There are 2 protein chains.
Amino acid sequence: MTPEPIERPAEAEATRRVGRPRRDQHELLAAAAAVFVEHGVDAPVRVIAARAGVGMGTIYRHFPTRAELVVAVYRHQVEACAEAGPRLLAESATAEAALRAWVALFVEFLVTKHGLAGALRGDNAGSDALHGYFVDRLVPVCGSLLDAARAERGPSSAGQPVVNGYSLLKGIGNLCIGAAGDSDYDADQLVQALVSGALAGISST
Amino acid sequence: MTPEPIERPAEAEATRRVGRPRRDQHELLAAAAAVFVEHGVDAPVRVIAARAGVGMGTIYRHFPTRAELVVAVYRHQVEACAEAGPRLLAESATAEAALRAWVALFVEFLVTKHGLAGALRGDNAGSDALHGYFVDRLVPVCGSLLDAARAERGPSSAGQPVVNGYSLLKGIGNLCIGAAGDSDYDADQLVQALVSGALAGISST
DNA sequence: CAACAATACGGAGCGCTGTTCCGTTAAGCA
DNA sequence: TGCTTAACGGAACAGCGCTCCGTATTGTTG
């Protein structure tokens, strides 16, 4: 599909358009980021638009859905997180240490962005952009770290089912929900415990 | 506060009131339960009211908030789950087996009630009735099972921090979010892994 | 330089929530 | 039989994500 056209036909330069120029997306993203810091990721689109000094129509023209705006705001950090995976694996003494460090990085990212972890679960009609983006970008990274750490521990005891990268990533995301503002709940501790359990394999009945 | 009046003054029997009799709550609860099974716990109050053949005002007079209605619907099952804790501990060969069995029970309860786990996180103004009820009723149970299982394993390696009953319960609840309808995500497996990790204590850095 | 066409803009409006409010209805009592 | 009182029903409110269309602003053209 989309067989990559051999040559761009005409209008090579994209400056050949008429009409009003598009507003710079960076301003919108900056406003959204600022509002997210103050009011959390669940802040109303109206508030973001007001902060940017812009109508809501403009927001929705640049980012067709609320989730895509969130994705755009955090894209850089997610990308950095994804790239940190292979690097940690190369730098760390053991694969398990790399996995644990990467997981800690991810948890810190989620916990500091209030409401992000909660927004991550694709509860809206099937293809939620937010859920999808995180999964596409981070599951491979999480999966390879997990596999490497498991290989390091030697052959598994039996052919018993084993936690896969997707489950682990989604589980970590879920564990981070409601972590900020609940001092009795230590998401990082639980996630590290989950990693321990995922590496050990389940023993008892 | 509310120093428990020594003696009930007059009106000993409660049948001395005038005005219309209250509708039987059981009908409302039955309707709500039926709607929850069909459309999940997030079903609109309007739908529940319509199913019960009742106005919305009636729903809200019996259950001041949506969360309290949910609590009422599931109170019996939560109670049963709480009572299963001590029983399992008495019946099981080991405390760890009891903990794992209880946790499996809780997970099955949450996963089969679509959206319940998601509604559990108290994201609304502070004192969410749903979150509070589950915590009050189940944290003690979860905590004693966890302590018993840990005691069984012998003295902990050091004074390092350890997962408490509240964290474990909330963690389990979070892990169950979005479990139904995602065949690649096995909540029960992850929860058992979390239990393993919580019992083992975190090893690596 | 003056029309014009093309495009982005702004925000009122829609459909959907949970929750509140008040006029209406029906049961007990005199 | 009428009156008092409580519960009922559902219209109305505020807040959400998102859509739609008249308006404003640009680059192009005669």
Side-chain angles (χ1 to χ4, degrees), chain A residues 10-11 13-28 31-32 35-36 39-73 115 118-119 122-131, chain B residues 10-11 13-28 31-32 35-36 39-73 115 118-119 122-131:
Chain A
E11 90 279 356
E13 62 276 28
T15 57
R16 192 58 64 83
R17 272 186 291 104
V18 76
R20 211 186 214 182
R22 272 201 158 203
R23 197 173 284 266
D24 188 6
Q25 290 201 178
H26 292 22
E27 293 174 19
L28 305 184
V35 171
F36 287 166
H39 306 325
V41 177
D42 296 327
V45 176
R46 282 166 172 79
V47 173
I48 298 166
R51 174 68 151 258
V54 144
M56 287 189 313
T58 300
I59 299 274
Y60 277 97
R61 199 162 315 98
H62 285 80
F63 309 99
T65 206
R66 215 187 153 287
E68 299 188 39
L69 172 62
V70 176
V71 166
V73 167
D123 48 357
N124 298 341
S127 61
D128 191 5
L130 201 55
H131 186 79
Chain B
E11 92 277 357
E13 61 277 28
T15 58
R16 191 58 65 82
R17 275 187 287 103
V18 75
R20 209 186 216 183
R22 273 202 158 201
R23 196 172 285 268
D24 188 7
Q25 290 201 176
H26 294 22
E27 294 174 19
L28 305 184
V35 171
F36 287 167
H39 306 329
V41 177
D42 296 327
V45 177
R46 281 164 174 80
V47 172
I48 298 166
R51 174 70 152 256
V54 143
M56 288 186 311
T58 300
I59 299 275
Y60 276 97
R61 198 163 316 97
H62 286 80
F63 309 98
T65 206
R66 214 185 154 287
E68 297 187 40
L69 171 62
V70 177
V71 166
V73 167
D123 48 357
N124 298 341
S127 61
D128 190 6
L130 201 55
H131 185 79

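A, B, ... follow the sequence lines: proteins, then strands. Residue 1 opens every chain. Quick caveat: nothing in here was measured; it's all calculated off a predicted structure.
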*B:Arg66 CZ to C:dT20 C1': how many Å, rounded?*
17 Å
Going by atom type alone, with no hydrogens or angles, which donor-acceptor pairs under 3.5 Å involve a side-chain atom of residues 19-26 of chain B and a protein atom two or more places apart or on another chain?
{"from": "B:Asp24", "atom 1": "OD1", "to": "B:His26", "atom 2": "N", "distance (Å)": "3.3"}

*Go along nucleotides 6-12 of chain D 5' to 3' and tag each nucleotide: B for a protein heavy atom under 4.0 Å from its base, S when only backbone or sugar atoms are that close, - otherwise.*
SBBBBBB
*Which pair of heavy atoms, one from A:Ile59 and one from A:Ala49, lies closest together, and at what distance?*
CG1-CB, 3.9 Å
*Do you know which two heavy atoms are closest between A:Ala32 and A:Leu69, and how far apart they sit?*
CB-CD1, 4.1 Å
_Minimum side-chain heavy-atom gap A:Val71-A:Phe63 below 4.5 Å_ = no
*Return the value, rounded to whole Å, for the distance between atom NE2 of B:His39 and atom P of C:dC16.*
14 Å
*Enter the inter-axis angle for the ends of the helix from C:dC1-D:dG30 to C:dA30-D:dT1 (five pairs per end, rounded to 10°).*
40°
*What residues form a side-chain contact (heavy atoms from CB on, under 4.5 Å) with A:Ala67, not counting sequence neighbours?*
A:Thr65, A:Asp128, A:Ala129, A:Leu130
*Rounded to the nearest angstrom, tell me the gap between atom OH in B:Tyr60 and atom P in C:dT17.*
11 Å
*Determine the minimum heavy-atom distance between A:Ala52 and A:Leu28, stating which atoms define it.*
CB-CD2, 4.0 Å
*Distance in angstrom units between B:Phe63 CZ and C:dT20 P, rounded*: 16 Å
*asked:* In whole Å, I'd like the distance from the CD1 atom of A:Ile48 to the P atom of D:dC18.
replied: 11 Å
*Keeping to residues at least two apart or across chains, list the side-chain hydrogen bond (donor to acceptor under 3.5 Å, both in side chains) pairs with something in residues 46-63 of chain B.*
B:Glu38-B:Arg51
*Ignoring backbone atoms, establish whether B:Thr65 has a side-chain N or O less than 4.0 Å from OP1 or OP2 of C:dT19.*
yes
*To the nearest angstrom, how far is B:Asp42 atom CG from C:dG18 atom P?*
8 Å
*asked:* If I compare all heavy atoms of A:Phe36 with all of A:Val41, which pair ends up nearest, and what's the gap?
replied: CE2-O, 3.6 Å
